[in-house]
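Residue numbering restarts at 1 for every chain, and letters A, B, ... go by the order of the sequence lines.
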Amino acid sequence: MRQSKAFFQTLRDAPADAELTSHKLLARAGFIQALGAGIYSYLPLARRSLDKIEAIIREEMNAIGGQEITMPVAQPGDLWKQTGRWDAAYPELVHWQDRSGRDMTLAMTHEEVVADLARRQISSYRQLPQLVYHLQTKFRDEPRSRGGLIRVREFTMKDSYSLDMDDAGLDRQFEAHRIAYHRIFLRCGVPAISVRADVGIMGGKDSVEFMALTPAGEDTLLLCDSCGYRANREVAVLQKPQPAEERALPLEKVATPDCKTIAELAAFLGVPESRTAKAVFFVAETDVKPGKERKDDAAVAVDSSQAASSRFVFAVTRGDMEVNETKLRAALKIGKLRPATEEEIRAVGAEPGYGSPVGVAGALVVVDDLVASSPNLVSGANEEGYHLLNVNCGRDYQPDIVADIVAAADGDACSRCGNPLHVARGVEVGNIFKLGTRYSEALGALYDDPAGVKRPIVMGSYGIGVGRLLATAAEIYNDDGGLMWPVSIAPFHVSLVVLPRPGKSGAAPLDVAEKLYAELQAAGIEVLYDDREDASPGVKFNDADLIGLPLRITVGARSLEQGGVELKRRDQAERQLVAVDDIVATVAAELAAMQAELDKTVPDSA
RNA sequence: CGGGGCGUAGCGCAGGUUGGCAGCGCGCUUGGUUUGGGACCAAGAGGUCGGAGGUUCAAAUCCUCUCGCCCCGACCA
């Protein structure tokens with residue numbers, strides 16, 4: 001591509017609203033153009049990189065038996081009603097009515113359509129297993145998009161769906177994806193670790209997320225260096241400390257003026273925060289309509305007669321720990337939880353800042369298992385300015401649910417080996433779910449087994465955010481000068497920079513550059529040719545660095561006088577002089593070496 | 001949804017309190033001089049000051065409403 005004709009321009013200044021390095025650089029280098037919040041156009045450079053990422057994904061998906069299809073973006077709402085994903089619990093699902101009043105939605109994922117396809121295409125166990133995938137635009141009306149391409153509303157996702165007779169088949173496809181995903185990410189130059197994760201909106205049994213470790217990541221991970229335990233903070237399990245061995249002491253009320261926080265309370269009373277209990281208040285919204293679609297996770301704790309109402313939740317953890325809302329939701333078996341308002345807190349007889357489950361009525365009391373077994377904690381008195389000493393769960397109040405509801409923190413003990421966990425930030429570049437039969441049952445995707453018995457197809461779902469992967473690579477590979485693409489996903493292989501010097505060296509550099517441009521392309525090397533006549537050398541070099549192609553060839557009078565052209569790797573400072581006749585071969589060899597370097601990191605497929 | 005901030009030329013910004021010709025840098029156009037790390041001279045083009053309403057002789061500036069965007073939090077395949 002001739003840069004003089006290219007449909008993008010580089011910017012000296014990044015747009016003011018760009019925060020992340022990847023966002024700034026992709027915008028400055030002319031890869032992307034924002035249209036609205038979380039909605040971007042992909043300009044030629046980005047498109048080319050995305051094509052390469054998608055090609056890698058297709059190769060790896062095909063290698064594990066995937067068949068590519070395309071499923072619609074616009075979908076009838078009825079399908080989503082049948083699986084229970086239409087209701088208000090999913091506000092990021094955009095919907096509208098078509099001209100005849102039918103409910104429609106923009107797909108944010110395609111489980112419904114796959115299940116519908118499966119019920120139409122699959123009737124016998126002889127047709128299983130299957131693996132289909134597509135690369136398709138999705139739309140999620142994120143409450144808050146941010147971080148350039150890391151978190152957007154409209155995005156392209158590769159998702160694959162496995163269809164199996166049974167769990168054993170699902171396990172095989174799940175494992176095949178796990179390996180394929182590591183290969184995909186590493187082939188793109190993005191190391192990603194797999195972590196245990198929450199199943200969230202997808203439902204299902206098992207979920208693994210693939211996380212690229214970078215401080216720009218939005219997810220918090222807990223990692224154990226000793227045994228390899230890795231989990232998203234949402235589900236990370238920690239080994240809790242042993243509670244003190246003490247006899248329960250009598251309850252005692254003490255004045256604790258202006259001690260609204262655990263830190264103030266602990267300091268005032270001179271006790272460690274670990275000897276306090278804190279209450280956190282939520283309201284569980286049970287507006288999800290009861291019905292067959294929610295049957296599997298019908299709340300044990302919430303009486304179905306209360307459906308379409310809400311329930312006050314009183315969560316109690318030790319003072320030095322934080323509530324993990326995902327775990328709390330799991331304990332409640334409820335999808336929606338919001339912080340309670342002060343009025344709601346007072347309505348159940350508690351006092352904000354001085355809350356405890358002692359003496360409250362009408363609330364669902366969920367107690368962390370560590371609190372349940374810890375004697376003589378300091379807890380609120382539900383009265384402004386007072387706390388209670390020696391509160392004991394079971395004696396002074398009765399929990400409705402005892403469960404692990406605290407968030408693991410840096411330094412907590414690993415649940416598997418006891419060594420300390422540490423936290424890291426990661427970008428979720430992919431995830432894999434064992435869906436089971438939730439969707440196939442809801443939509444009637446059944447097959448006849450060998451005995452002629454109808455059984456629901458066992459499904460799995462596996463996603464990769466293509467644009468997010470690009471942005472993550474940009475986040476990882478850059479320096480002060482700009483981007484620094486891995487050879488496998490760089491939009492072009494080579495920046496060919498010509499420095500003509502009219503009047504002094506005549507046409508020589510331009511002639512050589514034009515010749516090289518043709519020869520390199522003929523050799524299958526992708527060239528971004530900076531043939532701009534009006535750009536100074538400094539501008540060209542800076543733009544080349546900013547765009548970040550793996551190699552740069554400079555054709556100038558100076559190097560020609562020395563007998564060749566200059567070759568430089570973007571990730572190295574050295575420049576080498578290469579004879580014009582050798583440059584194509586040298587570039588090919590350099591590219592092959594870089595590709596080989598990358599390939600070494602990629603594990604064999606199973 | 002809660003808190004905070006910002007909308008003035010393609011990008012970055014000033015002007016706003018104190019109402020009075022809409023500016024600066026980069027980029028863009030034309031001509032000339034330059035040519036190995038974001039050159040120089042000269043001449044230009046480009047803005048319904050996000051939108052609507054109001055106050056006023058006069059509004060980018062003051063008031064009301066509204067739309068958009070960003071950050072933190074909440075939430076999240």
For a quick check of understanding: with a heavy-atom distance under 4.0 Å over all strands, which category does A:Ala18 fall into, base, sugar-phosphate or nothing? nothing
Base paired to B:G19 (Watson-Crick or G-U; both N/O distances under 3.5 angstrom): none
Rounded distance in Å between the P positions of B:A22 and B:C26: 23 Å
Taking the nucleotide of RNA chain B with the nearest heavy atom to each, does A:Arg140 or A:Thr554 sit closer to the 5' end? A:Thr554
According to the Watson-Crick and G-U wobble definitions, with both distances under 3.5 Å, which nucleotide is paired to B:U56? none
Mind calculating the distance between CZ (A:Phe281) and C1' (B:A74) to the nearest angstrom? 18 Å
Judged by atom type as modelled, is there a donor-acceptor pair below 3.5 Å linking the side chain of A:Lys434 to the main-chain atoms of A:Ser207? no
NA contact type, A:Glu19, heavy-atom cut-off 4.0 Å: base, sugar-phosphate, or nothing? sugar-phosphate
Roughly how many Å apart are B:A58 and B:C41, using the C1' atom of each and rounding to a whole number? 41 Å
Just name whichever nucleotide pairs with B:C24, Watson-Crick or G-U, keeping both distances under 3.5 Å, else none. B:G12
Separation between the C1' atoms of B:A60 and B:G50, rounded to whole Å: 12 Å
Can you tell me if A:Lys81 uses its side chain to pair, donor with acceptor, with the backbone of A:Arg85 under 3.5 Å? no
Using a distance-only criterion (donor-acceptor N/O pair, under 3.5 Å, no hydrogens), is the base of B:G36 paired with the side chain of A:Ser536? no
Classify the nucleic acid contact of A:Arg468 as base, sugar-phosphate or nothing, counting any heavy atom under 4.0 Å across all strands shown. nothing
Can you check the A:Asp534 CG to B:C28 P distance for me, whole Å? 7 Å
Given atom CG of A:Asp13 and atom P of B:G12, what is their separation to the nearest angstrom? 7 Å
Please work out if A:Gly463 contacts a base, only the sugar-phosphate, or nothing of the nucleic acid, heavy-atom cut-off 4.0 Å. nothing
In whole angstroms, the gap separating P of B:C11 from CZ of A:Phe8 amounts to 18 Å
Base of B:G38 paired with side chain of A:Arg532 (donor-acceptor, under 3.5 Å): no
Regarding the side chain of A:Gln9, the nearest nucleotide among B:G38, B:G12, B:G27 is B:G27
Any non-hydrogen side-chain atom of A:Lys158 less than 4.5 Å from a side-chain atom of A:Glu54? no
Could you tell me which nucleotide pairs with B:U33 by Watson-Crick or G-U wobble geometry, both distances under 3.5 Å, or answer none if nothing does? B:A39
For this output row, return yes or no: ring centroids of A:Trp485 and A:Phe31 closer than 6.0 angstrom. yes
Spell out yes or no: do the side chain of A:Arg575 and the base of B:G37 have one donor N/O and one acceptor N/O closer than 3.5 Å? yes
Presence of donor-acceptor pair under 3.5 Å, side chain of A:Arg28 and base of B:G38: yes
Check: A:Val132 and A:Ser160 side chains under 4.5 Å, non-hydrogen atoms: no
If we take the P atom in both B:G44 and B:G4, what is their distance in whole Å? 48 Å
Do side-chain atoms of A:Tyr161 reach the backbone of A:Ala115 as a donor and acceptor pair under 3.5 angstrom? no
Identify which nucleotide among B:G12, B:G38, B:C69 has an atom closest to any side-chain atom of A:Ala37, counting heavy atoms from C-beta outward. B:C69
Please report the distance separating the P of B:C71 from the corresponding atom of B:U35, rounded so that it comes out in whole Å. 45 Å
Salt-bridged, A:Asp530 to A:Arg2, with N to O below 4.0 Å? no
Selected nucleotide, minimal atom distance to A:Ala16 side chain, candidates B:G12, B:G27, B:G37: B:G12
Can you tell me how far P of B:C69 sits from CG of A:Asp17, to the nearest Å? 10 Å
How far, in whole Å, is B:U66 from B:A9 if one measures between their C1' atoms? 25 Å
Taking atom P in both B:U48 and B:G32, compute the distance separating them and give it to the nearest angstrom. 33 Å
What distance, rounded to whole Å, do you find between the two P atoms, one in B:C21 and one in B:A59? 12 Å
Ignoring the backbone of A:Pro15, work out which of B:C11, B:G38, B:G37 is nearest its side chain. B:C11
Nearest to the A:Leu499 side chain among B:C71, B:G38, B:G36, which nucleotide is it? B:G36
B:C75 C1' sits how many Å from A:Glu325 CD, rounded? 9 Å
Can you tell me the Watson-Crick or wobble partner of B:G47, both distances under 3.5 angstrom? none
If only atom types and distance count, is the side chain of A:Asp141 paired as donor or acceptor with the main-chain N or O of A:Val94 below 3.5 Å? no
Counting Watson-Crick and G-U wobble pairs only, both distances under 3.5 Å, name the nucleotide matched with B:G73, or none. B:C1
Ranking A:Asp545 and A:Met157 by the position along RNA chain B of their nearest nucleotide, the one closer to 5' is A:Asp545
Under a 3.5 Å limit for both distances, which nucleotide forms a Watson-Crick or G-U wobble pair with B:G68, could you say? B:C6
What's the CD-C1' distance between A:Gln576 and B:G36, to the nearest Å? 18 Å
Measure from the side chain of A:Leu11, starting at C-beta and using heavy atoms only, and say which of B:C11, B:G38, B:G36 lies closest. B:C11
A:Gln33 CD to B:G10 C1', in whole Å, measures 9 Å
